[in-house]
Amino acid sequence: MRRLVQLALDLWDRSEPEAAKAEPEKPAPAPAPAALPPVAPAPLQPVKPMPPSAPRAVHPLGSPPSLSTEESQAQPLSGSLLPQSFEHPAANRTVLLAGTHVAYQLQRAKRRSIGFLVGEDGLVVRAPRWVTQSGIDEALLEKSDWIVRKLGEMQRRHAHSLSATIRWEDGASLPFLGQPLQLVIDSEQRVARAGAVWRVEQELPGSPSRLYLALPRHATREQIRDVVQAWFMRSARQHFLARLAHFAPLLRVQYTSLRLSSAETRWGSAKSDGSIRLNWRLMHYTPAIIDYVVAHELAHLRVMDHSPRFWDTVAEVVPDHRALRQQLKEMPAPPWEQAL
């Protein structure tokens with residue numbers, strides 16, 4: 001009996017370029033990498049497309065907590081130390097996948113197939129009531145490499161999100177066009193006389209540019225955030241319009257309007273009427289990554305899907321789009337709503 005396993009999609013794509021569909025090489029288990037934003041768990045999708053990302057609770061070395069494993073025929077944990085482990089806070093099952101301890105939450109549901117959801121908390125497995133535990137274990141082992149890889153990716157994204165938390169205060173920094181931008185409260189308005197002024201002052205090699213804010217010295221975090229966001233959005237519109245004007249003729253398309261988006265999990269969209277939406281948070285990234293997203297949306301005005309012909313269209317103007325797309329996945333923007 002065939003068991004379908006649902007996997008979740010990444011970001012925009014409902015289908016991947018051919019190269020992306022190839023099964024990646026089996027990675028060796030490695031210790032949790034260094035901090036590299038939270039991403040909301042993606043919805044479950046049918047088996048064939050590629051899925052999203054994985055968790056946060058990582059227990060590097062040591063024995064895992066004891067969990068209920070009734071009926072479980074997955075590999076039991078030995079007393080030996082494991083290089084890495086992942087534990088869902090509501091875990092009720094445990095399994096050893098690719099040498100990695102995974103404590104997951106099993107949910108029985110009225111559904112036709114087994115679904116895997118890798119989110120910020122960890123792995124959730126949703127299975128029909130008629131599927132036996134051994135059947136679930138078999139499906140887990142079949143997808144073990146993907147599960148462990150996605151759990152690691154989500155853990156890195158969560159760690160990066162924590163390290164990139166914005167502090168809304170004088171002297172704090174946040175990324176702008178891929179480089180650090182320092183916030184300076186200009187209470188006497190020596191530089192910023194209306195809102196905010198961006199200045200690049202290379203006092204030392206590698207020193208950050210500065211954003212001067214026309215605010216009182218004791219401005220609240222909310223006041224600082226609002227002024228910075230307004231400036232980011234103005235800068236985003238100017239930058240996006242310039243890049244749309246650059247790429248549209250090269251792709252032989254015409255767009256009709258540009259709107260800024262604040263979506264949490266979507267960087268852009270395009271409609272057949274020529275309207276384009278781009279997320280202003282893209283201004284955290286390097287100009288090359290922004291160019292990829294702009295070209296991606298403009299390419300949809302020629303091909304409204306993610307077929308090989310679409311990716312060939314993107315490659316006409318951004319040949320290294322795959323590498324840039326991967327960078328965008330691996331380095332989420334700082335979470336403004338969770339900033340301090």
Completion exercise
CZ (Arg259) and CD1 (Ile276) are apart, to the nearest 0.5 Å, by 12.5 Å
Problem - Straight-line distance of Leu215 CG to Asp226 CG, nearest 0.5 Å - result: 9.5 Å
Exercise for the section: Can you label the angle between the Phe310 ring and the His296 ring as parallel, tilted or perpendicular, going by 30° and 60°? Expected result: perpendicular
Exercise for the section: For Tyr255 and Ala270, indicate whether the former's side chain and the latter's backbone hold a donor-acceptor pair under 3.5 Å. Expected result: no
Problem - Heavy-atom pair with the smallest gap, counting every atom of Ala299 and Val314 - result: CB-CG2, 3.7 Å
Problem - Side chain to side chain, His246 and Arg243, heavy atoms closer than 4.5 Å - result: yes
Problem - Note, Tyr292 side chain near Asp320 side chain (heavy atom, < 4.5 Å) - result: no
Practice task
Measure the shortest side-chain to side-chain distance between Val102 and Thr94 over non-hydrogen atoms and say whether it is less than 4.5 angstrom.
Solution key: no
Practice task
First locate atom CG of Asn279, then atom NE2 of His284, and finally report the distance between them rounded to the nearest 0.5 Å.
Solution key: 9.0 Å
Exercise for the section: Look at the rings of Phe176 and Trp198 and say which category their plane angle falls in: under 30° parallel, 30 to 60° tilted, over 60° perpendicular. Expected result: perpendicular
Exercise for the section: Say whether, by atom type as modelled, one donor and one acceptor occur between the side chain of Ser85 and the main chain of His101 under 3.5 angstrom. Expected result: no
Problem - Close side-chain approach of Arg302 to Arg309, heavy-atom, < 4.5 Å - result: no
Problem - Separation of Asp137 CG from Leu141 CG (nearest 0.5 Å) - result: 6.5 Å
Practice task
Report yes if the distance between the aromatic ring centroids of Phe86 and Tyr104 is under 6.0 Å, otherwise no.
Solution key: no
Problem - Other residues, nucleotides, ligands: >12 heavy atoms within 6.0 Å of Arg234 CZ - result: yes
Problem - Short side-chain to backbone donor-acceptor contact, Thr256 and Ser275, under 3.5 Å - result: yes
Problem - Any side-chain heavy-atom pair of Leu250 and Leu298 under 4.5 Å - result: no
Problem - Criterion side-chain contact (heavy atoms from CB on, under 4.5 Å) on Trp311 and Arg325, from CA distance to verdict - result: CA-CA 12 Å; Trp311 293 108; Arg325 179 171 175 269; 4.0 Å; yes
Practice task
Find out whether Pro128 and Ile114 are in side-chain contact, i.e. whether some heavy atom of one side chain is under 4.5 Å from a heavy atom of the other.
Solution key: yes
Practice task
Write down the atom of Arg266, the atom of Ser269, and the distance for their closest heavy-atom approach.
Solution key: NE-CB, 3.7 Å
Handout entry: Student check: side-chain heavy atoms of Leu282 and His239 closer than 4.5 Å
Key = no
Practice task
Would you check if Ile289 and Trp267 make a side-chain contact, meaning some heavy-atom pair closer than 4.5 Å?
Solution key: no
Exercise for the section: Taking all heavy atoms of Val318 and all of Ala295, pick out the closest pair and write down the distance. Expected result: CG2-CB, 3.7 Å
Exercise for the section: Would you check if the side chain of Asp186 reaches a backbone N or O of Val191 as a donor-acceptor pair within less than 3.5 Å? Expected result: yes
Exercise for the section: Let me see the working for Leu177 and Thr286 under side-chain contact (heavy atoms from CB on, under 4.5 Å), right down to the final yes or no. Expected result: CA-CA 5 Å; Leu177 293 176; Thr286 63; over 6 Å; no
Practice task
Please lay out, stage by stage, how Arg237 and Leu258 fare under the test side-chain contact (heavy atoms from CB on, under 4.5 Å).
Solution key: CA-CA 8 Å; Arg237 177 170 289 279; Leu258 166 68; 4.3 Å; yes
Exercise for the section: Take atom CD of Glu222 as the centre, draw a 6.0 Å sphere, and report whether it contains more than 12 heavy atoms from other residues, nucleotides or ligands. Expected result: yes
Practice task
Indicate yes or no for a side-chain donor-acceptor contact from Arg221 to the backbone of Arg167 under 3.5 Å, with no hydrogens or angles considered.
Solution key: no
Exercise for the section: Can you measure from CH2 (Trp130) to NZ (Lys110) and round to the nearest 0.5 angstrom? Expected result: 14.5 Å
Practice task
Might you point out which heavy atoms bring Ile185 and Pro216 nearest each other, and give the distance in Å?
Solution key: CG2-O, 3.5 Å
Practice task
Fit a plane to each ring of His300 and His306, take the angle between them on a 0 to 90° scale, and name the class: parallel (under 30°), tilted (30 to 60°) or perpendicular (over 60°).
Solution key: perpendicular
Practice task
Test Trp280 against every option in Ser262, Ser261, Ser235 by the side-chain contact (heavy atoms from CB on, under 4.5 Å) rule and name the one that passes.
Solution key: Ser262
Practice task
Report whether Val253 and Met304 are members of the same hydrophobic cluster (ILVMFWY, side-chain heavy atoms less than 4.5 Å apart, transitive linking).
Solution key: no
Problem - Full working for side-chain contact (heavy atoms from CB on, under 4.5 Å) between Gln223 and Leu213 - result: CA-CA 10 Å; Gln223 288 175 315; Leu213 310 174; over 6 Å; no
Fill in the blank from the handout: Smallest heavy-atom separation, Ile224 atom then Glu169 atom, equals CD1-CA, 3.8 Å
Completion exercise
Rounded to the nearest 0.5 Å, the CG atom of Leu97 sits from the CG atom of Leu140 at a distance of 6.0 Å
Problem - From Val124, Leu123, Ile136, residue fulfilling side-chain contact (heavy atoms from CB on, under 4.5 Å) relative to Leu106 - result: Ile136
